[in-house]
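Count residues from 1 along the sequence. None of these values were measured; they are calculated from a predicted model.
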Amino acid sequence: METLVRSGNLTGLPGIQAKTEENIRKGIGQLRKGMERFPLGKALPIARGILELLQEVVPGARFALAGSIRRWKETVKDIDILAGGKMPEVITKAFVGLPGTRRCSSGGRKNPPS
């Protein structure tokens, strides 16, 4: 159906006018957009499990949920976790080693004050 809509081949079929084709095109776009996000009820247990796992791997570090989950948004695109501790390299390695990790950005001070 999507291929037909993109090629413009639906218009002219019985019952399909230009406006109907446009509505179908918009509907497909909304469906695709909706597939990018997950309900909070599914994302929150996963996020909490990740926090527990990270705490086991790096016991001295501190971790907190951020982003959409922290704000209790209805839907979540990704899981944002803040981390801090005395061993940033170990923390980063723990994040990168998690299955499903797509991106890990590090920030803050690299050399904390003495």
Side-chain angles (χ1 to χ4, degrees):
M1 173 80 88
E2 187 174 357
T3 306
L4 290 173
V5 170
R6 286 180 191 246
S7 66
N9 291 333
L10 285 182
T11 303
L13 292 176
I16 305 289
Q17 302 298 319
K19 182 68 176 171
T20 305
E21 186 171 358
E22 180 60 28
N23 288 339
I24 292 171
R25 186 184 337 275
K26 286 180 183 177
I28 290 171
Q30 288 176 336
L31 279 173
R32 289 208 176 279
K33 188 175 181 181
M35 290 180 196
E36 295 173 358
R37 301 188 68 84
F38 300 93
L40 178 64
K42 287 187 176 187
L44 187 58
I46 294 168
R48 287 181 174 156
I50 291 170
L51 288 180
E52 288 176 19
L53 181 60
L54 288 169
Q55 198 63 59
E56 288 174 17
V57 175
V58 191
R62 294 179 55 185
F63 301 97
L65 293 173
S68 303
I69 293 177
R70 183 192 61 79
R71 293 188 305 274
W72 290 90
K73 294 290 184 180
E74 202 172 301
T75 60
V76 175
K77 184 174 182 180
D78 54 13
I79 297 173
D80 298 308
I81 299 175
L82 301 176
K86 295 182 180 182
M87 301 179 293
E89 298 83 17
V90 175
I91 294 170
T92 302
K93 190 174 182 177
F95 268 106
V96 173
L98 289 173
T101 299
R102 291 187 188 160
R103 183 175 58 125
C104 182
S105 57
S106 113
R109 290 183 279 190
K110 296 188 187 219
N111 297 313
S114 308

Check: Sequence neighbours excluded, which residues qualify as side chain to side chain contact (heavy atoms under 4.5 Å, CB included) partners of Ala64?
Finding: none

Next item on the list: With sequence neighbours excluded, tell me which residues meet side chain to side chain contact (heavy atoms under 4.5 Å, CB included) with Asp78.
Entry: Asp80

Checklist line | Shortest non-hydrogen separation from Ala66 to Leu82 and the atoms involved | finding: CB-CG, 3.8 Å

Notebook entry, point to check: With Ile91, which of Val58, Val57, Val96 fulfils side-chain contact (heavy atoms from CB on, under 4.5 Å)?
Noted result: Val58

Checklist line | Side-chain donor or acceptor of Gln55 paired with backbone N/O of Ala61 under 3.5 Å | finding: yes

Notebook entry, point to check: For Lys93, which residues count as a side chain to side chain contact (heavy atoms under 4.5 Å, CB included) partner, sequence neighbours excluded?
Noted result: none

Margin query: Under a 3.5 Å distance rule, please check whether Arg37 uses its side chain to pair with a backbone N or O of Thr75 as donor and acceptor.
Written below: yes

Next item on the list: Begin from the C-alpha positions of Ile50 and Phe63 and carry the test side-chain contact (heavy atoms from CB on, under 4.5 Å) through to its verdict.
Entry: CA-CA 10 Å; Ile50 291 170; Phe63 301 97; over 6 Å; no

Next item on the list: Give, for atom NZ of Lys73 and atom CG of Leu40, the distance between the pair rounded to the nearest 0.5 Å.
Entry: 11.0 Å

Notebook entry, point to check: Taking all atoms of both residues into account, what is the closest heavy-atom pair of Ala47 and Ile69, and its distance?
Noted result: CB-CD1, 3.7 Å

Checklist line | Verdict with reasoning, Ile46 to Phe38, per side-chain contact (heavy atoms from CB on, under 4.5 Å) | finding: CA-CA 11 Å; Ile46 294 168; Phe38 300 93; over 6 Å; no

Note to self: Suppose we screen for side chain to side chain contact (heavy atoms under 4.5 Å, CB included). Which residues come up paired with Arg48, at least two apart in sequence or across chains?
What the structure shows: Leu44, Trp72

